[in-house]
There are 2 protein chains.
Amino acid sequence: MTDRDTSRTLAHPEAAEIRLEGVLHALSDPVRLSIVLDLAGSADDLACSHFDLPVTKSTTTHHFRVLRESGVVRQAYRGTTKLNALRRDDLEALFPGLLDSVLTAAAAETARLTA
Amino acid sequence: MTDRDTSRTLAHPEAAEIRLEGVLHALSDPVRLSIVLDLAGSADDLACSHFDLPVTKSTTTHHFRVLRESGVVRQAYRGTTKLNALRRDDLEALFPGLLDSVLTAAAAETARLTA
DNA sequence: CCCATGGTACGAGAGTCGTCGAAGCAGACG
DNA sequence: CGTCTGCTTCGACGACTCTCGTACCATGGG
């Protein structure tokens, strides 16, 4: 193995193409919000197979595509698996503080509802 | 007139019933986002008729209902018109900083796209 | 080379959403 | 009273979303 396997590449929106409405819509689904939350809590990258979601595999693919096409996550193939990472820098540059407040809000709501 | 005209009353969710997903979904529509932006820029209350939206009146009613039922705005009848106000305090208590970062992001995006 | 594994593509079905027009109701004002 | 204004209600329609199952492809290991 070299450093990166750039065999198959995925289409991502440029930072300038990311739309606020798209990001908010992407985050307004419980499954996707939990993905983002998990991703934010982890170090850097997570394989799709890491997530334990209450939906089938094809639905998982769909949600990851929504997240990627809205500009929330960046995805790259690594052998047979696909790695996912939040686009923290791009989002922070475009919408300062937005991601963090959503993450905090999501954590607060989870705590509020499970308490 | 007394102080308030409590003739017809609207159903609003309690603060504890406001869900993050609902708020994000409510804000992910361009028409509703522009309403919220306008509301945030104004002093306190605005009549529905004040807004100049690119949709018909029945669609406007629909969008205001979504905003109200998701807990983003509070509405009250005042004679023949209906007054709208952001639920800043409730949202701030539940999701600190969220509304402000969305408003800032929306303003930034508008500036970015019209520049 | 074969096959297991991780993810994708393609319908398809149920449900929701945004939009509209037409008809209706509640106050305000003559 | 009659009428105007502001908003609502009620279908209805097309579009999109979330979900699934099945079939499929691509990589890596025996």
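These numbers come from the heavy atoms of this one structure, side chains and all, not from hydrogens, waters or symmetry mates. So you know, we letter chains A, B, ... as the sequences are listed, proteins then strands, and number each from 1.
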Visitor: Please determine, for the side chain of A/V55, which listed nucleotide (D/dT19, D/dT8, C/dT19) has the closest atom?
Guide: D/dT19
Visitor: Could you give the CZ-to-P distance, from A/R68 to C/dG7, as a whole number of Å?
Guide: 13 Å
Visitor: Does OP1 or OP2 of C/dT8 have a side-chain N or O of A/K82 closer than 4.0 Å?
Guide: yes
Visitor: Would you say A/H63 reaches D/dT19's phosphate, i.e. side-chain N/O to OP1/OP2 under 4.0 Å?
Guide: yes
Visitor: Take atom CG of A/N84 and atom C1' of C/dG7, then tell me their distance rounded to the nearest Å.
Guide: 11 Å
Visitor: So, is B/H25 near the phosphate of C/dT16, with a side-chain N or O under 4.0 Å from OP1 or OP2?
Guide: no
Visitor: Is it true that the side chains of A/S28 and B/S28 contain a donor and an acceptor less than 3.5 Å apart?
Guide: no
Visitor: What is the nucleic acid contact for B/H62, judged by heavy atoms within less than 4.0 Å: base, sugar-phosphate only, or nothing?
Guide: base
Visitor: Base, sugar-phosphate or nothing for B/S49? Non-hydrogen atoms, less than 4.0 Å.
Guide: sugar-phosphate
Visitor: Is any side-chain N or O of A/T81 under 3.5 Å from a base N or O of C/dG6, one able to act as donor and the other as acceptor?
Guide: no
Visitor: Can you tell me if A/T59 touches the phosphate of D/dC18, counting only side-chain N or O atoms and a distance under 4.0 Å to OP1 or OP2?
Guide: no
Visitor: Which pair of heavy atoms, one from A/F51 and one from A/I35, lies closest together, and at what distance?
Guide: CE2-O, 3.8 Å
Visitor: In whole Å, I'd like the distance from the CD atom of B/E69 to the C1' atom of C/dG18.
Guide: 15 Å
Visitor: Name the nucleic acid region contacted by B/K57, choosing base, sugar-phosphate or nothing; use a 4.0 angstrom heavy-atom cut-off, strictly under.
Guide: base
Visitor: Look at atom CD of A/E14 and say whether more than 12 heavy atoms of other residues, nucleotides or ligands are closer to it than 6.0 Å.
Guide: no
Visitor: Starting from C1' on C/dG7, measure out to CG on A/L83 and report it in whole angstrom.
Guide: 13 Å
Visitor: Please give, in whole Å, the distance from C/dT19 P to B/R65 CZ?
Guide: 14 Å
Visitor: Specify the closest pair of heavy atoms between B/A47 and B/N84, including all atoms of both residues, with the distance to one decimal.
Guide: C-ND2, 3.9 Å
Visitor: Taking DNA chain D as the partner, which of residues 27-35 of chain A come within under 4.0 angstrom of it by heavy atom?
Guide: A/D29, A/R32
Visitor: Report the residue (A/T56 or B/H50) whose heavy-atom-nearest nucleotide on DNA chain D is the more 5′ of the two.
Guide: B/H50
Visitor: Does B/Y77 have a side-chain nitrogen or oxygen under 4.0 Å from the phosphate oxygens OP1 or OP2 of D/dG6?
Guide: no
Visitor: Which pair of non-hydrogen atoms, one from B/H12 and one from B/R74, has the smallest distance, and what is that distance?
Guide: NE2-CA, 3.4 Å
Visitor: Quick one: B/L53 CG to D/dC7 C1', roughly how many Å, whole number?
Guide: 14 Å
Visitor: With no angle test and no hydrogens, is the base of D/dG28 tied to the side chain of A/T80 by a donor-acceptor pair under 3.5 Å?
Guide: no
